[in-house]
Amino acid sequence: GDFTHRVAEVGQDEIGEVAQAFNEMAQQVESMINEQRAFASNTSHELRTPLTTIRLRSEALRYEALDEDMNQQYITEIDDEARRLGTLIEDLTLLSRFDAGRSELGRNEIDMRRFAGSMLQQFQQQARAKQITLFTEATDEPIILYASLNHLTVVFRNVLDNALKYTPEGGSVTWSISSGVEGVTSILEDTGLGIESENLPHLFERFFRVDKARSRQVPGTGLGLALVQSIVSAYGGSISIESEGLHHGTTVTIFWPYGEACEQAEIT
Ligand code: ADP
């Protein structure tokens, strides 16, 4: 890298300490730059892949004599890949805004129970298609927090989507929401594929997907959890993911602080 310069660390005196601090900082900067490079190269690869499919399929539609089935198949593929590109760009935009600290933390008044109800409604069809039972547990009292409705939706849409994507037919997903002193704790438990312990530490890395071959059948970009973590921590919350291992299900716990009401109009 370009930040490989190190200074000699001589002696135990103050100069020696300064030299050591300098070297540690240089090392941190170097690894940040390497991470950024890997991110940029992953990003351009991930953007190029759907584009290539779109180009190939549209050329075929234009220049080849295809039967009606092939026609339909290629059109569907183009549509899927275009959607994938759209999601990718949306996720990347949001991620880069959070990276730069340029994302306003919204202050919409949100009742978590009602929010959860409307999220579940959105996922009901996906669950029914796979015969997955969706359970919810919450108190009867309203649970109020202040956040951007958009950010909250991105977070819970991602974890709910994962729970349904990685749970085979006939399984179940249980979502429980409870209110504590400082915030809300959401526990999302599924009976799905689970995650081996060696993969748990990498879940929040950008573009990371467990076993790319296995994940290929399931659509996704590997950006979801990275984005979820950025949003949750920007609000001062936390996320942890546990699994007893392959085929033993996964539990995602999110703590989200109540936040403060704000008189000003919301900017997102
Ligand atoms: P993706 O777009 O691939 O779903 P995410 O960042 O949301 O990306 O998740 C990263 C990876 O973590 C997934 O590819 C999957 O392998 C694993 N994963 C996430 N949630 C679950 C879950 N509920 N059960 C099993 N594996 C999961």
Side-chain angles (χ1 to χ4, degrees), residues 35 38-39 42-43 45-47 49-50 53 80-96 98-99 116 119-120 122-123 126-127 129-136 151-177 185-234 237-254:
E35 245 171 64
F39 180 55
N42 277 331
T43 303
H45 173 79
E46 293 292 327
L47 291 172
T49 313
T53 309
D80 289 349
E81 294 301 310
R83 272 170 214 278
R84 190 182 153 78
L85 260 182
T87 313
L88 209 56
I89 290 166
E90 253 170 53
D91 284 359
L92 285 167
T93 308
L94 211 48
L95 253 179
S96 79
F98 274 95
D99 273 357
M119 289 304 279
L120 284 174
Q122 291 174 41
F123 281 95
Q126 198 176 329
K130 286 179 83 179
Q131 285 158 319
I132 292 172
T133 325
L134 272 174
F135 297 103
T136 40
H151 294 158
L152 205 68
T153 305
V154 170
V155 165
F156 288 100
R157 187 185 285 154
N158 267 295
V159 290
L160 278 163
D161 188 49
N162 281 345
L164 289 172
K165 278 196 307 192
Y166 302 109
T167 298
E169 296 215 348
S172 66
V173 172
T174 307
W175 190 12
S176 72
I177 293 164
T185 299
S186 144
I187 301 174
L188 190 66
E189 202 178 345
D190 68 56
T191 61
L193 278 183
I195 298 158
E196 300 94 323
S197 58
E198 71 255 36
N199 289 317
L200 289 173
H202 304 291
L203 295 178
F204 301 112
E205 288 167 15
R206 290 156 194 212
F207 297 114
F208 177 83
R209 306 193 74 199
V210 172
D211 185 358
K212 300 219 177 213
R214 185 190 81 189
S215 298
R216 200 160 298 146
Q217 284 111 11
V218 181
T221 59
L223 282 179
L225 288 176
L227 184 56
V228 165
Q229 193 192 37
S230 288
I231 297 176
V232 169
S233 47
S238 61
I239 173 166
S240 68
I241 302 184
E242 288 156 69
S243 174
E244 298 290 323
L246 208 56
H247 305 298
H248 283 84
T250 302
T251 303
V252 179
T253 306
I254 294 174

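Read the numbers this way: they start at 1 and go in the same order the structure lists the ligands and their atoms. Only this structure's heavy atoms are used, side chains among them; waters, hydrogens and symmetry mates stay out.
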Within the 4.0 Å heavy-atom shell around [X], which atoms of ligand 1 are there?
X    : answer
L203 : 12 (O)
F208 : 10 (C), 11 (C)
G222 : 1 (P), 2 (O), 3 (O), 6 (O), 8 (O)
G220 : 2 (O)

Original post:
CG/D190 to OG1/T251 distance, rounded to the nearest 0.5 angstrom?
Top reply: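 Separation between the atoms: 7.0 Å.
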
Subject >> Spatial distance of atom CG (N162) from atom CD1 (I241) [nearest 0.5 Å] >> reply: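 Spacing of CG (N162) from CD1 (I241) equals 7.5 Å.
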
Subject >> Among D211, T191, V210, closest by any non-hydrogen atom to atom 16 (O) of ligand 1 >> reply: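 Selected option, by shortest heavy-atom distance: V210.
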
Original post:
Heavy-atom distance to atom 3 (O) of ligand 1: which of E189, R209, K165 wins?
Top reply: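 It is R209 that holds the nearest heavy atom.
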
**OP:** Determine, step by step, whether E46 and L88 satisfy the side chain to side chain contact (heavy atoms under 4.5 Å, CB included) criterion, reporting the C-alpha distance in whole Å, the side-chain angles of both residues, the deciding distance to 0.1 Å, and the verdict.
**Re:** CA-CA 8 Å; E46 293 292 327; L88 209 56; 4.0 Å; yes

**OP:** Would you please test L225 and N158 for side chain to side chain contact (heavy atoms under 4.5 Å, CB included) and show each step?
**Re:** CA-CA 7 Å; L225 288 176; N158 267 295; 5.8 Å; no

Subject >> Pairing of D161 and K165 as salt bridge, 4.0 angstrom limit >> reply: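 Between K165 and D161 there is a salt bridge, with a charged N closer than 4.0 Å to a carboxylate O.
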
Original post:
Is it true that a side-chain atom of S186 and a backbone atom of I254 form a donor plus acceptor pair closer than 3.5 Å?
Top reply: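 Judged by distance alone, no pair lies under 3.5 Å.
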
Original post:
With distance as the sole test, does T167 use its side chain to make a donor-acceptor pair with the main-chain N or O of L164 at under 3.5 Å?
Top reply: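 Side chain of T167 to backbone of L164: no pair is present.
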
Original post:
Does ligand 1 have an atom under 4.0 Å from some heavy atom of N158?
Top reply: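 No, that is not the case, since the closest heavy atom of the residue is not under 4.0 Å from the ligand.
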
Original post:
Does some non-hydrogen atom of G192 fall short of 4.0 Å from ligand 1?
Top reply: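 Contact check G192 vs ligand 1: negative.
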
**OP:** Mind checking whether I195 contacts ligand 1 via backbone (N, CA, C, O), side chain (CB onward), both or neither, at a 4.0 Å heavy-atom cut-off?
**Re:**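 Side chain only.
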
Original post:
What part of N199 sits under 4.0 Å from ligand 1 if we count only heavy atoms: the side chain, the backbone, both or neither?
Top reply: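 Contact part for N199 vs ligand 1: neither.
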
